Peer 1: 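Provided herewith is a single structure, encoded as structure tokens, for subsequent inquiry.
These values consider heavy atoms only, across backbone and side chains, with no hydrogens, waters or symmetry-generated copies. Chain identifiers are assigned alphabetically (A, B, ...) following the order of the sequence lines, protein sequences preceding nucleic acid strands; residue numbering begins at 1 within each chain. Quick caveat, the model's predicted, so the values are computed rather than measured.
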Amino acid sequence: MRDSKTGNFKIYNTLTRKKEAFESIRTGLVGMYVCGVTPYSEAHLGHARCYVVFDTLRRYLEFLGYEVTYVQNITDIDDKIIAKSMETGDTPSDIASRYFSSFMGEMEKLNVKPADIYPRVTENIDKIISFIKALIKKGSAYEISGSVYFRVSSLDGYGDFSGRGEGEKVIGEESKGLRAKKDPRDFALWKQDPEYGWDSPWGQGRPGWHIECSAMSKDILGDFFDIHGGGLDLLFPHHENEIAQSTALTGRVPARYWVHNGMVTLRGDKMAKSTGNLFLLNEALKEVSPGALRIFLLSSSYRQSLDYDPEALKGTEKAFRRLVELKEELIRAGKFYEQGFCDWNDPLVEALSDDLNTARTLGRIFTAAGPLLEKIYGKTHTEDDAALARRIIFVTEEVLGIELNTPSAGMDNSGIEELISRREKLRNQRRFGEADVIRDKLLEKGIEIKDTPSGPRWRKVSPG
RNA sequence: GGCGCGGUACCCAAGUGGCUUAAGGGAUCGGUUUGCAAAACCGCCAUGCGCCGGUUCGAAUCCGGCCCGCGCCUCCA
């Protein structure tokens with residue numbers, strides 16, 4: 001499995017703050033853990049970007065020949081979910097499953113491959129409790145009146161990961177009502193909660209935020225796995241604390257590569273549920289096709305901030321359709337008969353080996369696709385052209401995950417075809433007024449007619 | 001205040017020393033085509049890369065200073 005093609009991938013590692021050659025711990029296998037959502041409201045573009053980016057990383061690794069185990073947790077119990085539950089009267093579990101299934105529906109539309117495992121906090125309470133017990137035993141945690149805290153002073157190098165200095169005092173939210181915490185930097189592993197809690201050696205309570213990832217990633221992927229991903233906003237305190245807990249227990253940082261995606265901003269400021277400065281994913285999917293949205297999200301570097309601009313998003317729809325067109329024309333020309341394939345060092349995908357440079361990859365795709373389309377239209381394409389088109393489609397769909405849906409797929413076309421041929425007859429009789437009525441009627445239904453030298457063609461123009 | 005990131009055409013954006021007299025996408029405008037449209041195609045579109053200095057045969061790319069924007073430091077993808 002380990003061959004030359006896997007050796008060229010470089011990825012930026014937050015742990016070392018530089019691009020490093022990617023090398024998996026076990027030959028041919030990659031364990032990847034990405035921080036998932038807390039399902040208490042609808043997902044926005046920021047979530048979409050994160051999971052599209054990591055889906056693309058996963059697809060690229062699979063393209064390189066790795067077998068990837070992708071784990072994404074679900075924080076299905078937390079303060080916000082409980083707050084929502086009190087507001088609506090539904091149980092926290094109902095809230096979490098409702099928003100999680102809506103999240104999954106949107107991910108499916110975006111052609112995000114499902115994770116292999118979605119561990120839930122509420123189904124892993126026993127593992128979390130064992131983890132905490134082990135930390136107490138090691139002297140890295142202590143209990144105060146039913147809650148348990150991590151003892152930051154027990155660990156050297158706390159703060160190194162996120163670049164926070166030793167002397168800096170970080171006062172967590174948990175500390176507010178609990179002056180007894182021994183160090184302001186200490187954070188909760190277990191929170192006393194008689195109402196929404198589980199039984200534990202320290203009484204009724206529930207897990208702190210960070211411990212779930214340490215406990216569940218260890219359980220599924222082991223003490224040391226390849227990639228840990230998440231949004232840049234999780235760097236501190238979440239990932240810093242996760243590293244602290246795991247390191248205190250096992251003696252090592254739990255993952256080799258720490259990968260963070262940049263934030264999505266709206267009007268220059270970060271998109272966030274809590275501030276209401278957001279653009280919902282389902283709104284975006286009303287504006288453009290899922291494939292166009294994916295192009296939008298992958299058209300800049302994943303580590304950079306991405307500003308949501310309505311015009312820029314809309315613009316990707318047209319670019320997306322040209323690629324759809326390429327696939328359609330190829331099918332029409334009868335040249336889509338074999339599965340496309342390309343090598344890791346093909347100019348089309350080669351840029352991905354440089355820290356997943358999707359923007360340059362898209363540039364290469366469009367550069368190559370432009371001249372091809374016209375050749376295929378004019379039927380002047382050669383076998384090499386058709387092979388290139390297949391490679392473009394392969395990279396676009398399989399590696400970048402941009403599904404090039406052919407509009408006719410899965411639709412009832414008979415009515416449309418009939419209207420079009422009726423229009424053709426009218427046109428031949430030069431009864432243009434009546435012909436245009438049909439054209440307008442179809443356009444209202446989102447069907448656009450294109451009169452080409454080889455006859456009329458149509459396609460669906462509205463997203464969805 | 002501490003730590004980090006960024007400023008490239010009308011907009012988005014790649015490029016981090018010569019392969020770029022700066023990719024790609026979108027918008028506008030002009031043209032070809034069309035019964036008219038749409039679509040498609042062709043053309044136009046930064047002698048310039050926040051500003052000022054410096055290093056170099058050569059800089060958007062390296063160094064120094066300055067200006068501006070953003071993120072994290074509190075829940076957050």
Side-chain angles (χ1 to χ4, degrees), chain A residues 14 17 34-38 40-41 43-54 72 75 78-80 83 103 159 162-165 167-176 209 229-238 240 260-265 268-275 278 292 295-296 299-301 303-322 325 351 354 357-371 373-374 377-378 427-428 430-433 435-436 439-440 443 448-453 456-459 461:
Chain A
T14 309
R17 309 260 165 175
V34 176
C35 287
V37 287
T38 302
Y40 71 94
S41 66
H44 56 67
L45 273 193
H47 301 104
R49 182 187 202 193
C50 175
Y51 301 111
V52 162
V53 162
F54 285 104
Q72 192 179 309
T75 306
D78 104 311
D79 294 350
K80 296 245 170 83
F103 169 76
S162 58
R164 248 135 277 262
E168 192 168 346
K169 296 296 177 206
V170 179
I171 301 163
E173 166 240 347
E174 303 88 355
S175 70
K176 283 169 191 161
W209 176 32
L232 192 57
D233 54 352
L234 298 183
L235 207 158
F236 187 89
H238 186 55
E240 182 76 63
H260 293 92
N261 65 279
M263 300 293 96
V264 176
T265 59
D269 292 316
K270 184 184 151 188
M271 219 175 254
K273 292 183 200 174
S274 51
T275 57
L278 49 78
I295 289 176
F296 176 73
S299 65
S300 60
S301 161
R303 286 196 282 133
Q304 233 66 327
S305 298
L306 172 65
D307 194 57
Y308 163 69
D309 175 66
E311 295 308 309
L313 176 63
K314 283 217 177 88
T316 57
E317 184 69 31
K318 194 170 177 181
F320 167 66
R321 285 208 216 120
R322 296 187 61 212
E325 205 112 323
D354 180 17
N357 193 331
T358 51
R360 197 198 279 170
T361 302
L362 282 166
R364 298 258 170 91
I365 285 172
F366 284 114
T367 305
L373 207 45
E374 196 55 18
Y377 272 139
R427 289 183 70 216
N428 290 335
R430 305 193 65 80
R431 289 158 69 181
F432 297 120
D436 289 352
R439 183 171 68 194
D440 293 344
L443 196 58
E448 179 186 80
I449 297 181
K450 304 162 40 172
D451 294 320
T452 72
R457 287 183 193 165
W458 63 274
R459 66 179 177 183
V461 286

Peer 1: A:T14 and A:H260: which non-hydrogen atoms are nearest, and at how many Å?
Peer 2: OG1-ND1, 2.8 Å
Peer 1: So what does A:H238 hit on the nucleic acid, given a heavy-atom distance under 4.0 Å: a base, only sugar-phosphate, or nothing?
Peer 2: nothing
Peer 1: Rounded to whole angstrom, note down the P distance from B:G53 over to B:A60.
Peer 2: 15 Å
Peer 1: Students often get this wrong, so: under 4.0 angstrom with heavy atoms, is A:I295 touching a base, only sugar-phosphate, or nothing?
Peer 2: nothing
Peer 1: Picking from B:C70, B:A27, B:A77, which would you name as closest to the side chain of A:S305?
Peer 2: B:C70
Peer 1: Using only heavy-atom distances, decide whether a donor-acceptor pair under 3.5 angstrom links the side-chain of A:S274 to the base of B:C75.
Peer 2: yes
Peer 1: Closest approach of A:A272 and A:L278, non-hydrogen atoms and distance?
Peer 2: O-CD2, 3.5 Å
Peer 1: With the 90 degree cut-off around zero defining syn, does B:G48 come out syn or anti?
Peer 2: syn
Peer 1: So does A:E325 pair up with A:K450, basic N to acidic O under 4.0 Å?
Peer 2: yes
Peer 1: What integer number of Å spans the C1' atoms of B:U34 and B:A13?
Peer 2: 34 Å
Peer 1: What's the closest nucleotide to the A:T265 side chain, out of B:G2, B:G24, B:C70?
Peer 2: B:C70
Peer 1: Can you give the dot-bracket line for RNA chain B, using ( ) for pairs inside the strand, [ ] for pairs that cross earlier ones, | for pairs with another strand and . for unpaired bases, where Watson-Crick and G-U count if both distances are under 3.5 Å?
Peer 2: ((((((((.[[[..)..(.....]]]..((((.......))))......[[[[[..)....]]]]])))))))....
Peer 1: Please work out if A:A319 contacts a base, only the sugar-phosphate, or nothing of the nucleic acid, heavy-atom cut-off 4.0 Å.
Peer 2: sugar-phosphate
Peer 1: May I ask you to say what A:D307 touches in the nucleic acid, namely base, sugar-phosphate or nothing, with a heavy-atom cut-off under 4.0 Å?
Peer 2: nothing
Peer 1: What's the gap between B:U16 and B:G31 when it is taken at their C1' atoms, as a whole Å value?
Peer 2: 39 Å
Peer 1: Select base, sugar-phosphate, or nothing to describe what A:G230 touches, counting heavy atoms under 4.0 Å on all strands.
Peer 2: sugar-phosphate
Peer 1: Quickly work out the A:L362 CG to B:C12 C1' distance and round it to whole Å.
Peer 2: 13 Å
Peer 1: Reckon A:N357 has a side-chain N or O less than 4.0 Å from the OP1 or OP2 of B:G15?
Peer 2: yes
Peer 1: Starting at CZ of A:R49 and ending at P of B:G71, how long is that distance when rounded to a whole Å?
Peer 2: 14 Å
Peer 1: Could you check whether A:F432 and the base of B:G35 form a stacked pair, meaning centres closer than 5.5 Å and planes differing by less than 30°?
Peer 2: yes
Peer 1: Could you work out which one of B:C36, B:C70, B:A38 sits closest to the side chain of A:R439?
Peer 2: B:C36
Peer 1: Between A:K314 and A:S162, who's closer to the 5' end of RNA chain B by nearest nucleotide?
Peer 2: A:S162
Peer 1: Tell me if the CZ atom of A:R17 is crowded by more than 12 foreign heavy atoms within 6.0 Å.
Peer 2: yes
Peer 1: Calculate the interatomic distance between A:H44 atom NE2 and B:A77 atom P; express it in whole Å.
Peer 2: 6 Å
Peer 1: Taking all non-hydrogen atoms of both residues into account, name the closest pair between A:R360 and A:A351 and its distance.
Peer 2: CD-CB, 3.7 Å
Peer 1: Classify the side chain of A:D451 versus the base of B:A37 as yes if they form a donor-acceptor pair under 3.5 Å and no if they do not.
Peer 2: yes
Peer 1: Could you please name the option among B:C73, B:G35, B:C12 that lies closest to any side-chain atom of A:A312?
Peer 2: B:C12
Peer 1: Is the phosphate of B:A37 approached by A:K450 (side-chain N or O, under 4.0 Å from OP1 or OP2)?
Peer 2: no
Peer 1: Any donor-acceptor pair under 3.5 Å between the side chain of A:D269 and the base of B:G71?
Peer 2: no
Peer 1: Using the P atoms only, state how far B:C29 lies from B:G48, rounded to an integer number of Å.
Peer 2: 27 Å
Peer 1: Need one value for A:L234: base, sugar-phosphate or nothing, where a base atom within 4.0 Å counts as base even if backbone is also close, heavy atoms only.
Peer 2: sugar-phosphate
Peer 1: Roughly how far apart, to the nearest Å, are B:G4 and B:A22 at atom P?
Peer 2: 35 Å
Peer 1: Looking for any heavy atom pair under 4.0 Å, which part of the strands does A:T275 touch: base, sugar-phosphate only, or nothing?
Peer 2: nothing
Peer 1: Looking for any heavy atom pair under 4.0 Å, which part of the strands does A:R322 touch: base, sugar-phosphate only, or nothing?
Peer 2: sugar-phosphate
Peer 1: Drop me the distance from A:Q72's CD to A:Y51's OH, to the nearest 0.5 angstrom.
Peer 2: 5.0 Å
Peer 1: Check every strand shown and say whether A:R457 touches a base, only sugar-phosphate, or nothing at a heavy-atom separation below 4.0 Å.
Peer 2: nothing
Peer 1: Regarding A:R303 and A:S301, is there a side-chain donor-to-acceptor distance under 3.5 Å anywhere?
Peer 2: no
Peer 1: When the P atoms of B:G17 and B:C62 are considered, how many whole Å apart are they?
Peer 2: 8 Å
Peer 1: Consider the side chain of A:Y51, meaning its heavy atoms from C-beta on, and name the nucleotide among B:A77, B:A38, B:C72 that approaches it most closely.
Peer 2: B:A77
Peer 1: When you measure from the side chain of A:S300, which nucleotide among B:A14, B:G71, B:A39 comes out closest?
Peer 2: B:A14
Peer 1: Where the side chain of A:R49 meets the backbone of A:G262, is there a donor-acceptor pair that is under 3.5 Å apart?
Peer 2: yes
Peer 1: At under 4.0 Å between heavy atoms, what does A:G229 touch on the DNA or RNA strands: base, sugar-phosphate, or nothing?
Peer 2: nothing
Peer 1: When you get a sec, tell me which of B:C72, B:G6, B:G35 is the closest nucleotide to the side chain of A:F236?
Peer 2: B:C72
Peer 1: Between A:D354 (side chain only) and A:N357 (backbone N and O only), is there a donor and an acceptor less than 3.5 Å apart?
Peer 2: no
Peer 1: When rounded to the nearest Å, what value does the distance between C1' atoms of B:C51 and B:G7 take?
Peer 2: 11 Å
Peer 1: Specify the closest pair of heavy atoms between A:D78 and A:K80, including all atoms of both residues, with the distance to one decimal.
Peer 2: OD1-N, 3.0 Å
Peer 1: Indicate, with a heavy-atom threshold strictly under 4.0 Å, whether A:K270 touches base, sugar-phosphate, or nothing.
Peer 2: base
Peer 1: Whole angstrom is fine here: how far is it from CD in A:E317 over to P in B:A27?
Peer 2: 12 Å
Peer 1: How is A:E448 classified with respect to the nucleic acid when contacts are heavy atoms under 4.0 Å: base, sugar-phosphate, or nothing?
Peer 2: sugar-phosphate
Peer 1: Name the closest nucleotide to the A:F366 side chain, picking from B:C70, B:G24, B:G35.
Peer 2: B:G24
Peer 1: Atom CZ of A:R364 and atom P of B:A14: how far apart are they, to the nearest Å?
Peer 2: 14 Å
Peer 1: In whole angstrom, give the distance that lies between atom CG of A:D309 and atom P of B:A27.
Peer 2: 13 Å
Peer 1: Please give, in whole Å, the distance from B:C12 C1' to A:E311 CD?
Peer 2: 11 Å
Peer 1: Could you tell me whether A:K273 contacts a base, only the sugar-phosphate backbone, or nothing, with contacts defined as non-hydrogen atoms closer than 4.0 Å?
Peer 2: sugar-phosphate
Peer 1: Any donor-acceptor pair, under 3.5 Å, between the side chain of A:R360 and the base of B:G15, if you only look at N and O atoms?
Peer 2: no
Peer 1: Can you tell which of B:G6, B:C36, B:A77 lies closest to the side chain of A:D436?
Peer 2: B:C36
Peer 1: B:A9 and B:U61: how far apart are their P atoms, nearest whole angstrom?
Peer 2: 15 Å
Peer 1: In whole Å, I'd like the distance from the CE atom of A:M263 to the P atom of B:G6.
Peer 2: 15 Å
Peer 1: Heavy atoms only: give me the nearest A:M271-A:H44 pair and the separation to one decimal.
Peer 2: SD-ND1, 3.8 Å
Peer 1: Which heavy atom of A:L306 sits nearest a heavy atom of A:S300, and at what distance?
Peer 2: CD1-OG, 3.5 Å
Peer 1: What contact category does A:N261 fall into here, base, sugar-phosphate, or nothing, at under 4.0 angstrom with non-hydrogen atoms?
Peer 2: base
Peer 1: From the options B:A77, B:A39, B:A14, select the nucleotide whose nearest atom is closest to the side chain of A:C50.
Peer 2: B:A77
